[in-house]
Amino acid sequence: MLIDLSTVKINLLTSLSHGQVNTAVLRLDELHSVVSGNKWFKLRFYLEEAQELGKTTIASFGGAYSNHIAALAYSCKELGLHSVGFIRGENTISPTLKAATEQGMQLHFVNSELYKYKNQIKKEFAHKDWYFINEGGYGKTGAKGAATILDIADFSKYTHIIGAVGTGTMLAGMVLAALPHQKIIGISVLKNNFSLAEEIASLLPEEKKHAFSLLHDYHFGGYAKHPTALINFMNNLFEQEQLPTDIVYTGKLLYAVTDLLNHGYFGATANVLMIHSGGLQGNQSLPKGTLIF
Ligand SMILES: *Cc1c(COP(=O)(O)O)cnc(C)c1O
């Protein structure tokens, strides 16, 4: 439909590369003005399945700045499907949610306590015959879609592929698509989310259940936390490389890679590919002027 994969660029990050270690970034943030990053990849096969099943309404879950909700609303509109978003929290219309309603998404606000009981919500709406997608697109179908990120180009020269991790669905996709010589590394953006390895493993076949590493030291205090040190890093990175990042995922990824490079984590020779998984729309939650881009 709307996505032209041939336009996706891979940028070298010269200021980060050290000696024989080269770093490049796959610019999924530039995929599309609304459906940027990994979300369309994770959604694609769910939406295909929904259409095959003859479903006309797709429902899912997310927060007020959710990249998943933004991508779902737009993709559904493009495909002529109705969309419903169950939104955690109070009835506040963020720019993300405003855009989603403009794409025709119907919103239901759910208080943070009740939000934990997603199965309850699904049951309540079972009579509607909606096609439900897990929050963040978590699931094997999402991972299968994320694996197609590595179909965009020939990535065989890379020795390490590294991305930011929320639910781990994208990382599972990277593991599915990786070549035997490639190491897959995830930077968790949640604090102490130690069930994550298990959740990712459950999306993978037996022989690949442990074929990835997770690093838990780069969350900057927790999900969506963005202390000044992170903001300063993101602004400096933009000045040096004209690379915009987001406060929830990719800013933390780039910070992690910079730190790992300084510690020789990748060894003496390596070709490191970072996945810029998008999410820039989420920066709208910041006061104007916080970021220079
Ligand atoms: C959702 C998202 C991620 C995390 O993807 P998961 O598959 O949930 O791990 C990473 N980066 C961005 C920008 C995202 O929007």
Side-chain angles (χ1 to χ4, degrees), residues 8 25-46 60-75 85 88 94 96 99-100 133-150 161-177 184-190 193 195-204 212-216 218-220 222-224 226 230 234 243-257 273-285:
V8 177
V25 59
L26 177 66
R27 298 292 306 275
L28 297 184
D29 57 309
E30 294 186 328
L31 192 62
H32 183 271
S33 59
V34 183
V35 194
S36 87
N38 67 21
K39 292 301 181 285
W40 176 77
F41 291 93
K42 293 199 286 178
L43 285 171
R44 60 189 298 185
F45 295 134
Y46 289 114
S60 194
F61 305 88
Y65 289 91
S66 166
N67 299 319
H68 168 68
I69 288 292
L72 182 67
Y74 187 84
S75 303
R88 178 181 60 241
S94 62
T96 307
I133 299 177
N134 286 335
E135 182 164 16
Y138 177 77
K140 286 188 179 170
T141 303
K144 205 176 105 199
T148 66
I149 290 172
L150 294 185
I161 298 173
I162 183 163
V165 176
T167 66
T169 310
M170 177 178 81
L171 203 77
M174 301 294 96
V175 175
L176 289 174
I184 305 297
I185 304 156
I187 304 300
S188 175
V189 302
L190 281 86
N193 184 17
S195 57
L196 185 57
E198 203 46 53
E199 283 152 18
I200 296 174
S202 74
L203 303 178
L204 294 169
F212 60 91
S213 311
L214 287 178
L215 301 178
H216 291 278
Y218 297 104
H219 54 71
F220 280 88
Y223 184 76
H226 50 276
L230 178 66
M234 289 166 60
L243 183 70
T245 50
D246 80 292
I247 54 170
V248 181
Y249 295 102
T250 55
K252 294 175 185 182
L253 168 68
L254 269 290
Y255 183 94
V257 172
L273 180 71
M274 288 170 268
I275 310 291
H276 192 317
S277 41
L280 300 177
Q281 66 89 26
N283 288 341
Q284 294 177 99
S285 67

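Order of appearance sets the numbers: ligands from 1, and atoms from 1 within every ligand.
In this structure, L171 has no heavy atom closer than 4.0 Å to ligand 1. Using 4.0 Å as the threshold, K42 has a heavy atom nearer than that to some atom of ligand 1. By the 4.0 Å heavy-atom criterion, A164 is counted among the residues contacting ligand 1.
Neither the backbone nor the side chain of V248 has any atom closer than 4.0 Å to an atom of ligand 1 (non-hydrogen atoms only).
For G166, a nitrogen or oxygen atom sits less than 3.5 Å from a nitrogen or oxygen atom of ligand 1, counting backbone and side chain alike. Looking at N38 next to ligand 1, an N or O pair under 3.5 Å apart turns up. Of the N or O atoms in T169, one or more lie within a sub-3.5 Å distance of an N or O in ligand 1.
In this structure, S60 contributes its side chain and I133 its backbone to a donor-acceptor pair below 3.5 Å. With hydrogens and angles ignored, the 3.5 Å screen pairs no side-chain donor or acceptor of D29 with any backbone N or O of G279. Under a 3.5 Å cut-off, the side chain of H68 and the backbone N or O of L43 do not form any donor-acceptor pair. Checking side-chain atoms of K252 against main-chain N and O of Y218 turns up no donor-acceptor pair under 3.5 Å.
Counting atoms of ligand 1 from 1 in the listed order, those under 4.0 Å from a heavy atom of V165 are 9 (O). Under a 4.0 Å criterion applied to the non-hydrogen atoms of N67, ligand 1 contributes the atoms 13 (C), 14 (C), 15 (O). Atoms of ligand 1 found under 4.0 Å from any heavy atom of G278, numbered from 1 in the order shown, are 13 (C). Close approach of ligand 1 to G279 is summarised as follows: ligand atoms under 4.0 Å from at least one heavy atom of the residue are 13 (C).
Looking from atom 8 (O) of ligand 1 to the surrounding protein, the closest heavy atom is T167 OG1, 2.6 Å. If you check which protein heavy atom lies closest to atom 11 (N) of ligand 1, you get S277 OG, 2.6 Å. The protein heavy atom nearest to atom 14 (C) of ligand 1 is K39 NZ, 2.8 Å.
For S202 and Y138, the side-chain atoms include at least one donor-acceptor pair closer than 3.5 Å. Under 3.5 Å, the side chains of S36 and Q281 contain no donor-acceptor pair of N or O atoms.
The aromatic rings of Y74 and H32 are tilted relative to each other, their planes meeting at an angle between 30° and 60°.
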